[in-house]
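Numbers here are sequence positions counted from 1. Both backbone and side-chain heavy atoms feed into the values below; hydrogens, waters and symmetry mates do not. Just so it is clear, the model here is predicted, and its values are computed rather than measured.
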Amino acid sequence: MPDALHRLALLESILGAVNLGAIVLDEQHRIVLWNHWMARHSACRADAVLGQDFFAVYPDLRHKRIASAITQALRDNFQSLLSQTLHKAPFELYTHGTSEGQERMQQAIAVTPINLPGSPRHCLIQINDVTIAVGREKLLREQTMVLRSQTFSDGLTGIANRRHFDVAIEKEMRRAMRTGSPLSLLMIDIDHFKDYNDHYGHQQGDDCLIRVAAELAAMLQRPTDLLARYGGEEFAAILPDTDAAQALRMAEAIRERAAGLRIPHAKTDNEVKHITVSIGIATQQPQQQLAISALIGAADRALYLAKGAGRNRVMVQPL
């Protein structure tokens, strides 16, 4: 026990000395560690925040990208790196700890699950001050844009991007034909999203996309399943080893989960005045030889039928 206490004290001393922010949350989002760097740059002492709900201390972050990153760390054991371009300064942090006459420091944020034997899962939020680096970034903007386009992660939602989808669907199509297993594709579209953006503004539209993407991605539990942002408000779910009946059940569960978020949408023509999704399904049967374009085209047609039939529903397009 003395050795354990010594190691804990040593760990706290190290986290207190490092030149970055360190926050540790438990499974109930309570703050269990708040290092000296955070106290210095937030003007909040550790004794004032320890034991508090993280979102009570930072209520403005409740529906932001970091909230879904925390959920993915605690629930799904998934590490997240927030895009510095899209999430420049989410925390109220200042060089001298006060906002008077200062702009928020630019931040690089990582959210990492912590798994200790015999203990509930925690997560570590690391915050680096990248204000100086931002100036250099402007000089390298063209190169940064090229590199970003080559990554596999969507900068806004954190899920797979279109390039990742293209690689994954080709890989899974080859595997399905090689093994004679079914492959299903769901095309998912947020209903009346343009009207949502026009009414609530693009910032709230982005927040809506983040919430929907995080919720739907959490439903795909198998390592081979993939949810990708296909474009705009449209998502695609690749479901290997999934037949038509299984795909239909998953699509209905996704539709219900999206509606269950109850994100208000005053400008929808649905009876329910909140965000809903329409879903199109296509399934490649075992031993069926298809081009990728045929599978995507069938799912797209099914989505078009779902929207034409009144939205907030699932439709299947036979191949």
Side-chain angles (χ1 to χ4, degrees), residues 65 68 72 83 86 145 148-176 183-197 202 205-240 242 247-248 250-255 257-259 261 263 265 275-284 290-309 311-317 319:
R65 170 71 180 102
S68 62
Q72 289 172 328
S83 165
L86 293 170
M145 291 299 291
R148 188 182 302 122
S149 69
Q150 293 176 348
T151 64
F152 275 13
S153 177
D154 178 58
L156 177 65
T157 62
I159 65 173
N161 63 8
R162 176 64 181 272
R163 182 169 184 265
H164 193 169
F165 170 84
D166 290 340
V167 171
I169 193 69
E170 183 176 348
K171 172 187 172 184
E172 294 301 338
M173 179 70 84
R174 287 199 306 267
R175 189 173 74 86
L183 172 64
S184 290
L185 176 65
L186 313 184
M187 299 302 289
I188 308 161
D189 193 79
I190 299 178
D191 296 325
H192 299 292
F193 189 73
K194 181 180 184 303
D195 296 329
Y196 184 92
N197 256 344
H202 289 284
D206 286 350
D207 292 344
C208 174
L209 287 171
I210 291 168
R211 291 182 65 188
V212 171
E215 200 70 21
L216 302 192
M219 297 186 67
L220 306 185
Q221 299 295 325
R222 300 179 305 174
T224 53
D225 294 342
L226 180 76
L227 181 75
R229 189 177 178 196
Y230 195 75
E233 69 275 17
E234 189 172 2
F235 303 94
I238 302 172
L239 305 177
T242 303
L248 180 58
M250 174 59 77
E252 285 291 354
I254 287 174
R255 185 191 62 78
R257 180 72 69 93
L261 289 171
I263 301 172
H265 188 353
I275 284 292
T276 59
V277 299
S278 298
I279 304 177
I281 306 173
T283 299
Q284 174 181 276
L290 283 178
I292 293 173
S293 58
L295 184 66
I296 295 174
D300 262 332
R301 289 192 297 275
L303 175 60
Y304 179 81
L305 292 173
K307 286 186 165 294
R311 296 181 169 85
N312 189 24
R313 66 195 63 224
V314 175
M315 298 291 283
V316 178
Q317 178 66 41
L319 288 166

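Inter-residue side-chain proximity for Asn197 and Glu233 is flagged as unmet; no heavy-atom pair is nearer than 4.5 Å. Using a 4.5 Å cut-off on side-chain heavy atoms (C-beta onward), Leu295 and Leu319 make contact. Side-chain contact between Leu183 and Leu290: absent, with no pair of heavy atoms (C-beta onward) separated by less than 4.5 Å. With a 4.5 Å cut-off on side-chain heavy atoms, Phe235 and Leu209 count as touching. Residues Leu185 and Phe165 meet the side-chain proximity criterion, which asks for heavy atoms closer than 4.5 Å. Taking 4.5 Å as the limit, every side-chain heavy atom of Leu216 sits out of range of all side-chain heavy atoms of Ile159. In this structure, the side chains of Tyr230 and Ile296 come closer than 4.5 Å at one or more pairs of heavy atoms.
From Arg257, atom CZ reaches atom CE of Met250 across 9.5 Å, with rounding to the nearest 0.5 Å. The CG atom of Leu248 sits 9.5 Å away from the CD1 atom of Ile279 when rounded to the nearest 0.5 Å. The distance from atom CD1 of Ile169 to atom CG of Leu226, rounded to the nearest 0.5 Å, is 9.0 Å. Here Ile254 contributes atom CD1 and Met219 contributes atom CE; the two are 5.5 Å apart, rounded to the nearest 0.5 Å. For the atom pair Arg229 CZ and Asn161 CG, the distance stands at 10.0 Å (nearest 0.5 Å). Atom CD1 of Ile263 sits about 7.5 Å away from atom CD1 of Ile190, to the nearest 0.5 Å.
Every ring pair (Phe, Tyr, Trp, His ring centres under 6.0 Å) that His164 has, sequence neighbours left out, goes to Phe152. For Asp195, the salt bridge (charged side-chain N to carboxylate O under 4.0 Å, His left out) test picks out no residue, with sequence neighbours left out.
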Legend entry - Candidate pair Arg211 and Asp207, rule salt bridge (charged side-chain N to carboxylate O under 4.0 Å, His left out), full reasoning: CA-CA 6 Å; Arg211 291 182 65 188; Asp207 292 344; over 6 Å; no

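Between Gly280 and Ala302, the shortest heavy-atom contact is CA-CB, 3.5 Å. Shown here for Gln284 and Ala176, the closest heavy-atom pair between the two residues is NE2-CB, 3.5 Å. Minimum interatomic distance between Gly158 and Arg65 (heavy atoms only, all atoms of both residues): CA-NH2, 3.6 Å. For Ala247 against Thr283, the heavy-atom pair with the smallest separation is CB-OG1, 4.3 Å. Closest approach of Ser68 to Ala214, counting heavy atoms only: CB-CB, 3.5 Å. Looking at every heavy atom in both residues, Ala213 comes nearest to Leu227 through O-CD2, 3.7 Å.
Although no hydrogens or angles enter the test, the distance criterion places no donor-acceptor pair under 3.5 Å between the side chain of His192 and the main chain of Arg311. Within the 3.5 Å criterion, the main-chain N or O of Leu239 finds no donor-acceptor partner in the side chain of Ser184. Side-chain N or O atoms of Arg255 include none that pairs as donor or acceptor with a backbone N or O of Ala253 at under 3.5 Å. Proximity of a side-chain donor or acceptor of Arg222 to a complementary backbone N or O of Pro240 within less than 3.5 Å is detected.
Remark: the Asp191 side chain and the Ser278 side chain contain an N/O donor-acceptor pair separated by less than 3.5 Å.
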